[in-house]
Amino acid sequence: MTNVAGAVRAWVAMLGAEHVCVGAPACQAYLADASGIERSVPAVLKIPAADVLPGVLRIAREHSVAVYPISTGRNWGYGTSLPAGDGCVILDLSLLNRILDFDPELGVVTLEPGVTQGMLAAFLEAGHHEFLVPTTGAGPHCSVLANALERGYGITPVADHFAAVTDLEAVLADGTTYRTALREAGGEELARIFKWGIGPYSAGLFTQSGFGIVTRATITLARRPACVRAFLFSIGGDDSLGPAVNAVRAALSSLPGIVGGINLMNRRRVLSMTAPYPHGAVGNDGTLPAGTVESLGKQYAVHPWTGFATLYGTRRVVVAAQRELQSIIGPIAARKMAVSPELATRLAGLARWIPGSTGKRLGRTAATLASSLELVCGRPNETALALAYWRRRGGEPARPLDPSRDGCGLLWYAPLVPMREDVVRAFVAMVERVAPRHGIEPLITLTSLNDRVFDSTVPLLFARDDATAVRRARQCHTELLEAGSRLGCFPYRLDIDSMPMLASRLAAASAFHARLRSAVDSDGILAPGRYG
């Protein structure tokens, strides 16, 4: 029988009262969620060191209390800090924020779950280490390790962030410690530089699962290249989207290792980064009419689709790759331009001298471009995170940005989309049909994961203080999941409210995962319900 009160008394005795929050008022900072999801959370434990976790879990088992670990609790659009189910005590690992080891010769870093993108960037900069942070759009205050465990990605040279994880350590529900085979055998350095180890590969079991609490991970970093350029191109209309998909595939297959990734963004998605939301122009369906979007596109020089490719290498390699991209993409592009980070910064500075509304518009666009190039150069910032505020009314939010704290409504639909012309066109048409029915702007980005598949990130933005808008956003998300699945497009990750759906669709896989969980967590106390 669950005994939360008894567990809390034991945790206070072990950790000290300052590390234990009990009840809704004390836990309030953990309960706010940008997606409007609600959970009952009886307590939060702030874990001061990894070596207390076996004792914390022993108390949880003795009192039959489920626990749910978070790294920094900034999983915006997927559940923020909240557990997958009610009644879980949150284990906040953000105090575990040490960089445990760094090899400046090979570019391999070992860090704890509380180390953020910003912390890693500061560490590398202070030591004059020429390596890139594996940045994401979630901002500098998000955990590096947590994103890798969610199998997140970016558009720096190592796009797949779990692919860069070579070694990890985890505490299991029974308090024992998991280590990779090479590390346990004594090959400490080999474990840090060779991902697959020896024998069955088991480290992947700790991604998108509740099989253990990962307390450290080793990540290989991409070396900062001598030259970085963005290659931007515009596509005149939806009729050109299919040929653009084929051109993206050709570019990626022709320039492996030089092109970090290619984004295709529809006009609304680019405007969400560059133009204020015109609340007074909203149509009867709760979204901006096509005419308004077209007018804004002309004002901000945004075409129906925009492509953004990043090139990395020596200057000669990048110049040659740029010419190759121009030959591949040029025939389908209405406009194309190569921009270095330095040029983007100069353009942003010059735009400030242009008077009137034209200068303001050009300044916003140039500043967004400059900040985006900082991201692809491995320097974390909040440029992409500002998207969550596009439809939010009110003044300038406090820094650092925190969509959950600030009342933003954000829910991500993030399906994998085969890089085929017909599938992409059908997918885009589906999103543009479904989202407005629920008052959601169809903001679409297609990001290449390789030359065979896109991940599409579709942010569902809504008024979180409006119960009807929250409900409609959930309905939109459900309909997108179902309609996308019929097209052969299924998410690469899920929010906490959609995880039960995964188990219902995967009978055989869920049964296998249940067998594994019964072996490592027979009491069912660790992150129950996470990914089924």
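Heavy atoms only: backbone and side chains are in, while hydrogens, waters and symmetry mates are out.
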**Q.** No-hydrogen, no-angle side-chain donor-acceptor test under 3.5 Å, S404 and T80
**A.** yes
Q | Distance-minimising heavy-atom pair for P113 and V214 | A | CG-O, 3.8 Å
Q: Could I get the full list of side chain to side chain contact (heavy atoms under 4.5 Å, CB included) partners for P436, not counting sequence neighbours?
A: D285, T287, P442
(Q) Checking T110 against R216: is there a side-chain donor and acceptor pair closer than 3.5 Å? (A) no
Q: Establish, yes or no, whether a centroid distance under 6.0 Å links the rings of Y178 and F206.
A: yes
Q | Donor-acceptor side-chain pairing of T447 and N263 below 3.5 angstrom | A | yes
(Q) Does any part of the side chain of Y413, heavy atoms only, come nearer than 4.5 Å to the side chain of I444, both counted from C-beta? (A) no
Q: Taking atom types as modelled, find out whether R269 and S272 have a side-chain donor-acceptor pair closer than 3.5 angstrom.
A: yes
Q.
I'd like to know if E169 pairs up with R179 as an ion pair, taking the criterion as any Lys NZ or Arg NE/NH1/NH2 lying under 4.0 Å from an Asp or Glu carboxylate oxygen.
A. yes
Q: Rounded to the nearest 0.5 Å, what's the gap from OG on S71 to CG on D92? Could you check?
A: 9.0 Å
**Q.** Minimum heavy-atom distance R425-G242, with the two atoms named
**A.** NH1-N, 4.0 Å
Q | salt bridge (Lys or Arg N to Asp or Glu O under 4.0 Å) between E432 and R267, intermediate numbers included | A | CA-CA 12 Å; E432 292 180 340; R267 178 182 268 158; over 6 Å; no
Q: Give a yes or no on whether R315 atom CZ has more than 12 heavy-atom contacts from other residues, nucleotides or ligands under 6.0 Å away.
A: no
Q: Could you walk me through whether Y277 and L271 pass the side chain to side chain contact (heavy atoms under 4.5 Å, CB included) test, one step at a time?
A: CA-CA 8 Å; Y277 190 78; L271 288 172; over 6 Å; no
Q: Show your working on ring pair (Phe, Tyr, Trp, His ring centres under 6.0 Å) between Y492 and Y153 and close with a plain yes or no.
A: CA-CA 11 Å; Y492 87 101; Y153 66 93; 5.6 Å; yes
Q: Decide yes or no for M265 and F308: does some side-chain heavy atom of the first lie under 4.5 Å from some side-chain heavy atom of the second?
A: yes
**Q.** Exercise: identify the closest heavy-atom pair between L241 and I235
**A.** N-CG2, 4.3 Å
Q. Do the side chains of R335 and F233 get nearer than 4.5 Å, heavy atoms only?
A. no
**Q.** Short side-chain to backbone donor-acceptor contact, H477 and L411, under 3.5 Å
**A.** no
Q) Hey, does the Lys NZ or Arg CZ of K195 hover above the aromatic six-ring of Y201, less than 6.0 Å from the centre and inside 45° of the axis? A) no
Q. Is the closest side-chain heavy-atom distance between M337 and F231 below 4.5 Å?
A. no
Q.
Could you check whether any side-chain heavy atom of L387 comes within less than 4.5 Å of a side-chain heavy atom of L461, counting everything from C-beta outward?
A. yes
(Q) For the backbone of G210 and the side chain of Y531, can you confirm whether one donor and one acceptor N or O come within less than 3.5 Å of each other? (A) no
Q) Any donor-acceptor pair under 3.5 Å linking the side chain of T457 with the backbone of A414? A) no
Q | Side chain proximity check, T218 to V108, heavy atoms < 4.5 angstrom | A | yes
(Q) Tell me whether R420 at atom CZ has more than 12 heavy atoms from other residues, nucleotides or ligands lying less than 6.0 Å away. (A) no
Q) Considering residues at least two apart in sequence or located in another chain, which fulfil the salt bridge (charged side-chain N to carboxylate O under 4.0 Å, His left out) criterion with R192? A) D101, E188
(Q) As an exercise, state the distance from CZ of F427 to SG of C489, rounded to the nearest 0.5 Å. (A) 6.0 Å
Q) Is any side-chain heavy atom of V109 closer than 4.5 Å to a side-chain heavy atom of T220? A) no
Q. Can you check side chain to side chain contact (heavy atoms under 4.5 Å, CB included) on F162 and N147, steps first, answer last?
A. CA-CA 8 Å; F162 183 67; N147 181 259; over 6 Å; no
Q. Is there a side chain to side chain contact (heavy atoms under 4.5 Å, CB included) between L311 and L325 once you walk through the steps?
A. CA-CA 10 Å; L311 303 174; L325 271 182; 3.6 Å; yes
Q) Do L100 and L111 come close enough that some side-chain heavy atom pair is under 4.5 Å? A) no
Q. Between A222 and V158, what is the shortest heavy-atom contact and its length?
A. CB-CG2, 4.2 Å
Q.
Looking at T207 and R151, would you say the former's side chain and the latter's main chain have a donor-acceptor pair under 3.5 Å?
A. no
Q) If you look at every heavy atom in F462 and A473, which pair is closest and at what distance? A) CD2-CB, 3.5 Å
Q: Please check if the side chain of S240 supplies one atom and the backbone of G236 the other of a donor-acceptor pair under 3.5 Å.
A: no
Q: Tell me whether the guanidinium CZ or amine NZ of R493 lies under 6.0 angstrom from the six-membered ring centre of Y78 and within 45° of its axis.
A: yes
(Q) Determine whether a donor-acceptor pair (N or O, by modelled atom type, separation under 3.5 Å) exists between the side chain of S295 and the backbone of T292. (A) no
**Q.** Donor-acceptor under 3.5 Å (R224 side chain, C377 main chain)
**A.** yes
Q | Side chain D406, main chain P397, donor-acceptor under 3.5 Å | A | no
**Q.** Carboxylate-amine/guanidinium contact R399 E382, below 4.0 Å
**A.** yes
Side-chain donor-acceptor contacts of residues 248-255 below 3.5 Å, not counting sequence neighbours, with atom names and distances?
unit_1, atom_1, unit_2, atom_2, d
R249, NH1, M419, O, 2.5
R249, NH2, N246, OD1, 3.1
S253, OG, R249, O, 3.1
S253, OG, A250, O, 3.1
S254, OG, A250, O, 2.7

Q) Passes side chain to side chain contact (heavy atoms under 4.5 Å, CB included), I70 versus L93? Steps please. A) CA-CA 6 Å; I70 61 171; L93 308 181; over 6 Å; no
**Q.** Donor-acceptor contact below 3.5 Å, side chain Q117 vs main chain P140
**A.** no
**Q.** Closest heavy-atom pair and its distance - G114, M119
**A.** O-SD, 3.7 Å
Q: Enter the distance from I329:CD1 to L232:CG here, rounded to the nearest 0.5 Å.
A: 10.5 Å
Q. Would you say W305's side chain and A244's backbone share a donor-acceptor pair under 3.5 angstrom?
A. no
Q: Establish, from distance only, whether the side-chain atoms of D495 and S35 form a donor-acceptor pair under 3.5 Å.
A: no
